[in-house]
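Report on the following structure.
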2 protein chains.
Amino acid sequence: MAVMDRAVAREQALDAAEELFYGRGIQAVGMDEIRAASGVSLKRLYQLFPAKEQLVEAYLERRDVRWRGRLAEFVRGREDPEERILAVFDWLEHWFAEDGFRGCAWINSYGELGATSPRVVAQVRSHKRAFRAYLADLIADAGLPATLTAPLFLLAEGAMVTAGITATTQPAREARRAAAVLLQSA
Amino acid sequence: MAVMDRAVAREQALDAAEELFYGRGIQAVGMDEIRAASGVSLKRLYQLFPAKEQLVEAYLERRDVRWRGRLAEFVRGREDPEERILAVFDWLEHWFAEDGFRGCAWINSYGELGATSPRVVAQVRSHKRAFRAYLADLIADAGLPATLTAPLFLLAEGAMVTAGITATTQPAREARRAAAVLLQSA
DNA sequence: CTGGGCAGAGAACGTGCGTTCTCCGCTGGG
DNA sequence: CCCAGCGGAGAACGCACGTTCTCTGCCCAG
């Protein structure tokens, strides 16, 4: 681990943080464990992130970009604008089926730190706002009324939470079916 | 605090635990704080609950009974079976508007301890299963198809999560409207 | 009145962890 | 070849907290 570029160390730290924080919870993972998993020394870790809370913030921020990127990429594969909306739920199903899926990272973080960390709350709100805005765009692109945004968003959120708690993929299909009904009746 | 009946001490401990755990998170509250808030000595606390995890379990269990009781009581006030289903969402709105509302206690607990405490996970699953079953009963009583259960449940879960994160009551109304549309098209 | 045991207060213990510090080796410029 | 400084390893520090222990006083059976 000789000369390690600052940016590289940052990525490695965030890789380890993401895997551990998401998989086991934030408070359950110590900084030393992140050092061990990432190969980035404690000194360096604290140079990059002056406190654990900021590592958490960076973890959520980077995961947000990637998560929405993966979703958008999947959705782009569909042609029909209405199909694209439903594709969001198809993607949820893929996500729920992934190894190590343990619910929505932001909802979980909110449950864990919502009462004590304003920085975490800000990340969670910003992520959910972005996801909702993305849904709104898909709906607008399909020429559908904006009033569809809220129900589809709530269905997606409900599916994430329920998939996490029950450890099943079913909620994605249930939400998709309900979304299709709502699209019909619009 | 002279002679304190075991059952009374238990209730006082659970009262304090509920207020503190729900309001600030479970890991953020120490046993000593529960002692201070409840007036139940540490010794007694550990007689009643051999470990913190079991106090948490009891907190979730008692809250489940009360939460579903309050919901059912509210819903019983409506005559029409379909109105009763929508009343669930009206009740959610009341709940979201309460002082100190901070999202769904079970979703939050899952986010905080889902990865480390099987007892907590069991409580969360059992609560969500009971809530879903209650919805299913309302739907059956209205002579509506059982396939409505899943979407209404997901809407309610999405509303709880979103109301918690955004600290607004709006999601209850949005979910209600969507539920009404789904009832129409059934 | 007396003594034994229960209960509370709070100290004590052990551990885990966020954060900082110390020490040492390596590297690269003179 | 020499030395200044950066970086890593990991010890150290301080604190918080779950859990247990000790001490003291009170209540009540005899």
Side-chain angles (χ1 to χ4, degrees), chain A residues 1-60 109 112-113 115-120 123, chain B residues 1-60 109 112-113 115-120 123:
Chain A
M1 219 54 64
V3 206
M4 195 194 292
D5 189 78
R6 186 182 172 89
V8 174
R10 194 187 149 89
E11 286 306 293
Q12 287 185 227
L14 287 172
D15 287 345
E18 178 155 6
E19 170 128 5
L20 292 168
F21 285 161
Y22 178 71
R24 311 227 315 269
I26 291 165
Q27 315 210 53
V29 173
M31 291 298 277
D32 195 63
E33 208 162 347
I34 286 169
R35 176 200 56 75
S38 66
V40 176
S41 74
L42 273 182
K43 201 183 204 174
R44 201 81 123 113
L45 270 182
Y46 276 93
Q47 280 168 6
L48 293 162
F49 310 98
K52 187 183 184 182
E53 193 182 14
Q54 292 169 59
L55 173 58
V56 173
E57 204 181 352
Y59 142 62
L60 290 175
S109 301
E112 202 174 342
L113 299 169
T116 50
S117 167
R119 301 180 96 119
V120 166
Q123 281 300 320
Chain B
M1 218 55 62
V3 206
M4 193 193 292
D5 190 79
R6 185 181 172 90
V8 175
R10 194 187 148 89
E11 285 307 294
Q12 287 184 227
L14 287 173
D15 287 345
E18 178 155 5
E19 171 128 3
L20 292 168
F21 286 160
Y22 178 71
R24 311 228 313 270
I26 292 165
Q27 315 210 57
V29 173
M31 292 297 277
D32 195 64
E33 208 163 347
I34 286 169
R35 176 200 56 76
S38 66
V40 177
S41 74
L42 273 183
K43 200 183 204 173
R44 202 81 123 109
L45 270 182
Y46 277 92
Q47 280 168 6
L48 292 162
F49 310 98
K52 187 183 184 183
E53 193 181 14
Q54 292 169 60
L55 173 58
V56 173
E57 203 181 353
Y59 142 62
L60 290 175
S109 301
E112 202 174 341
L113 299 169
T116 51
S117 167
R119 302 179 96 120
V120 166
Q123 281 300 319

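Every chain is numbered from 1 and lettered A, B, ... according to where its sequence line falls, protein lines coming before strand lines. Excluded from the calculations below are hydrogen atoms, water molecules and symmetry mates; all remaining heavy atoms, backbone and side chain alike, are included.
- Within 6.0 Å of the CD atom in A:Glu19, the count of heavy atoms belonging to other residues, nucleotides or ligands does not exceed 12.
- In this structure the side chain of A:Met31 reaches within 4.5 angstrom of the side chain of A:Leu55, judged on heavy atoms.
- The CZ-C1' distance, from A:Arg35 to D:dG7, rounds to 14 Å in whole Å.
- The interatomic distance linking A:Arg44 (CZ) with C:dC21 (C1') rounds to 18 Å, in whole Å.
- Rounded to an integer number of Å, the gap from CG of B:Leu45 to C1' of D:dT20 is 14 Å.
- Listed nucleotides C:dT20, D:dT19, D:dA9 differ in distance to A:Ser41; the shortest reach to its side chain belongs to D:dA9.
- Between C:dT19, D:dG8, D:dG18, one nucleotide has an atom nearer to the side chain of B:Met31 than all others, and that is D:dG18.
- Across the protein-nucleic acid pair, B:Asp32 atom CG and D:dT19 atom P stand 13 Å apart, rounded to whole Å.
- Proximity of A:Ser41 to A:Gln47: side-chain heavy atoms (C-beta onward) are nowhere separated by under 4.5 Å.
- Between the side chain of A:Glu112 and the backbone N or O of A:Gln27 there is at least one donor-acceptor pair closer than 3.5 Å.
- Following rounding to the nearest Å, A:Asp5 (CG) and D:dG7 (P) show an atom-to-atom distance of 11 Å.
- With a 4.5 Å cut-off on side-chain heavy atoms, A:Ile26 and A:Lys52 count as touching.
- Nearest to the side chain of B:Tyr46, among C:dG18, D:dG18, D:dG8, sits D:dG18.
- In this structure, the CD atom of B:Gln27 is 22 Å from the P atom of D:dC15, given to the nearest Å.
- With rounding to whole Å, B:Gln54 atom CD is found 13 Å from D:dT19 atom C1'.
- The residue A:Lys52 sits close only to the backbone: its heavy atoms come under 4.0 Å of sugar-phosphate atoms, none of a base.
- With distances taken from any side-chain atom of B:Gln47 to the nucleotides D:dG18, D:dG8, C:dA7, the minimum falls on C:dA7.
- Protein atom CZ of B:Phe21 is 12 Å distant from nucleotide atom C1' of D:dC17, rounded to whole Å.
- For A:Leu42, whose side chain is taken as the heavy atoms from C-beta onward, the closest listed nucleotide among D:dG7, C:dG8, D:dA11 is D:dA11.
- Remark on DNA chain C: of its neighbouring residues A:Lys43 and A:Ala28, the 5'-side contact belongs to A:Ala28, judged by nearest-heavy-atom nucleotide.
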